[in-house]
A.B. asks: 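Quick one: this structure, given as structure tokens, is what I'll be asking you about.
Sequence lines set the chain letters: A, B, ... in the order given, protein chains first and strands last, and positions in each chain run from 1. The analysis underlying the following values was restricted to heavy atoms, covering all of them including side chains, and did not include hydrogens, waters or symmetry mates. The structure presented is a predicted model; accordingly, all values stated were derived computationally and were not measured.
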Protein chains: 2
Amino acid sequence: MNNALETSLRLVRAQTSLVRRFDGRLSALHGVSLADLTLLLQLGRAEGGRMRRVDLAQALGLTASGVTRGLIPLERIGLVVREPDPRDARVAYAALTPTGRERLAEMLVTAEMVAEDVFESQRWADGGFDLLAGLLAELEGGRAGAVRG
Amino acid sequence: MNNALETSLRLVRAQTSLVRRFDGRLSALHGVSLADLTLLLQLGRAEGGRMRRVDLAQALGLTASGVTRGLIPLERIGLVVREPDPRDARVAYAALTPTGRERLAEMLVTAEMVAEDVFESQRWADGGFDLLAGLLAELEGGRAGAVRG
DNA sequence: ACCATGTACTTGAGTACTCAAGGAGTTGTC
DNA sequence: GACAACTCCTTGAGTACTCAAGTACATGGT
């Protein structure tokens with residue numbers, strides 16, 4: 001039968017379950033969601049720990065609107081600050097604060113533990129893991145990413 | 001580096017992209033979302049084309065509340081009806097109408113096309129596909145499904 | 001210098017969920 | 001046969017997004 005459709009639906013369910021595991025642990029220990037962590041991590045990897053909202057949206061697969069809204073609580077709790085661009089007054093960088101960088105490091109420890117726990121089963125050990133990573137990378141690109149807001 | 005965390009984040013992105021592809025096509029052709037289709041499909045597979053809301057929630061990985069809300073538009077457009085249980089006045093079955101069954105069949109044709117399109121790439125052909133399906137099945141179970149509302 | 005067009009971001013309205021609380025019905029126990 | 005405890009479902013409030021429209025600024029052509 002329809003393995004392609006079946007597998008797509010399975011992927012959706014797998015993600016739901018996975019996100020819940022991350023959210024549960026991250027929110028209990030650090031008061032953030034997986035979405036928050038993903039955003040902070042993206043900033044942490046950027047040069048100077050800062051990015052334009054547009055680029056952040058692109059990198060995260062969200063709309064610019066979603067990024068604006070997602071940043072608000074992170075700014076409120078002081079993990080991120082808004083920084084203007086002297087060359088272009090339209091842009092508002094989102095920049096990691098020193099506190100933000102520290103907290104991010106702590107969150108990553110938790111997130112890595114959860115991730116390893118998710119994939120602990122024997123099944124993943126024998127190369128299945130790398131294969132999954134490769135296959136997912138392929139899917140990520142998909143012709144219909146959300147992009148403009 | 002942290003392949004487990006990296007792969008988890010990848011899975012989240014892959015799902016987002018995938019859902020958008022399905023939603024785009026399904027909404028254009030049939031006026032429903034992938035979530036709607038999943039719900040109808042679940043009913044379509046159940047004995048008598050009907051299920052209790054609780055069981056539907058369990059099967060879909062949603063809360064009972066989410067099911068109640070998700071059914072409203074489907075009832076409104078006549079694809080699903082509410083049916084009482086003569087044995088237990090608490091339960092309200094969600095049942096596929098004849099129209100619902102017809103429309104579901106049409107939607108499935110579209111969804112299957114999208115799914116095959118998603119997995120068309122050569123990479124999937126050589127067994128990678130079945131492997132992915134198996135791996136995702138493993139993840140689906142995860143210790144932290146949402147369940148009660 | 002001006003203006004059309006384009007880019008960066010925010011905001012209002014709407015959708016799809018969640019959790020917590022509550023109503024209504026059932027069931028096991030004494 | 002009464003009642004505590006459980007189950008099924010709905011509802012109010014809140015969150016995390018989406019899309020469409022609007023504001024502010026930048027840029028390239030004339």
A.B. asks: Hey, which sits more toward the 5' end of DNA chain D by its nearest nucleotide, A:G66 or A:P86?
C.D. replies: A:G66
A.B. asks: Please report, rounded to the nearest Å, how far the P atom of D:dT10 is from the CD atom of B:E75.
C.D. replies: 8 Å
A.B. asks: What is the separation between atom CG on A:D23 and atom P on D:dA16, rounded to the nearest whole Å?
C.D. replies: 9 Å
A.B. asks: Going by number, which of residues 36-53 of chain B have a non-hydrogen atom under 4.0 Å from DNA chain D?
C.D. replies: B:R52, B:R53
A.B. asks: Rounded off to whole Å, could you give me the CD1-to-P distance for the B:I72 and D:dG12 pair?
C.D. replies: 11 Å
A.B. asks: I need the CZ-P distance between A:R87 and D:dT27, as an integer number of Å.
C.D. replies: 10 Å
A.B. asks: Should B:R53 and B:E83 count as an ion pair when the cut-off is N to O under 4.0 Å?
C.D. replies: no
A.B. asks: Rounded to the nearest Å, what distance is computed from the CG atom of residue A:L62 to the P atom of nucleotide D:dC17?
C.D. replies: 6 Å
A.B. asks: Kindly indicate whether the side chain of B:D36, heavy atoms from C-beta on, has any atom under 4.5 Å from the side chain of B:L74.
C.D. replies: yes
A.B. asks: Could you tell me whether B:R52 and B:E47 make a salt bridge, using a distance below 4.0 angstrom between a side-chain N and a carboxylate O?
C.D. replies: no
A.B. asks: Under 4.0 Å between a side-chain N or O of A:R69 and OP1 or OP2 of C:dA13?
C.D. replies: no
A.B. asks: Please report, rounded to the nearest Å, how far the C1' atom of D:dC19 is from the CZ atom of B:R20.
C.D. replies: 12 Å
A.B. asks: OP1 or OP2 of D:dT10 versus the side-chain N and O atoms of B:R82: is any pair under 4.0 Å?
C.D. replies: yes
A.B. asks: Among the candidates D:dC8, C:dG25, C:dT10, find the nucleotide nearest to the side-chain atoms of A:A64.
C.D. replies: C:dT10
A.B. asks: Quick one: pull up OG1 in A:T38 and CZ in B:R13 and give me the separation to the nearest 0.5 Å.
C.D. replies: 9.5 Å
A.B. asks: Could you check if a side-chain atom of B:L39 sits within less than 4.5 angstrom of a side-chain atom of B:L71, using non-hydrogen atoms only?
C.D. replies: yes
A.B. asks: Please report, rounded to the nearest Å, how far the P atom of D:dC17 is from the CG atom of A:L56.
C.D. replies: 12 Å
A.B. asks: Which residue is it: B:V32, B:L34, B:L18? I am looking for the one with a side-chain contact (heavy atoms from CB on, under 4.5 Å) to B:D23.
C.D. replies: B:L34
A.B. asks: Rounded to whole angstroms, how far apart are CD on A:Q15 and C1' on D:dA16?
C.D. replies: 13 Å
A.B. asks: On the nucleotide D:dC9, are OP1 or OP2 found under 4.0 Å from the side-chain N or O atoms that B:T68 carries?
C.D. replies: no
A.B. asks: Tell me whether the OP1 or OP2 atom of C:dT18 has a side-chain N or O from B:S65 closer than 4.0 Å.
C.D. replies: no
A.B. asks: With the side chain counted from C-beta on, respond yes when A:V118 and B:T7 share a heavy-atom pair under 4.5 Å apart, and no when they do not.
C.D. replies: no
A.B. asks: Side chain of B:R90, heavy atoms from C-beta onward: which of C:dA20, C:dT26, C:dT11 has the nearest atom to it?
C.D. replies: C:dT26
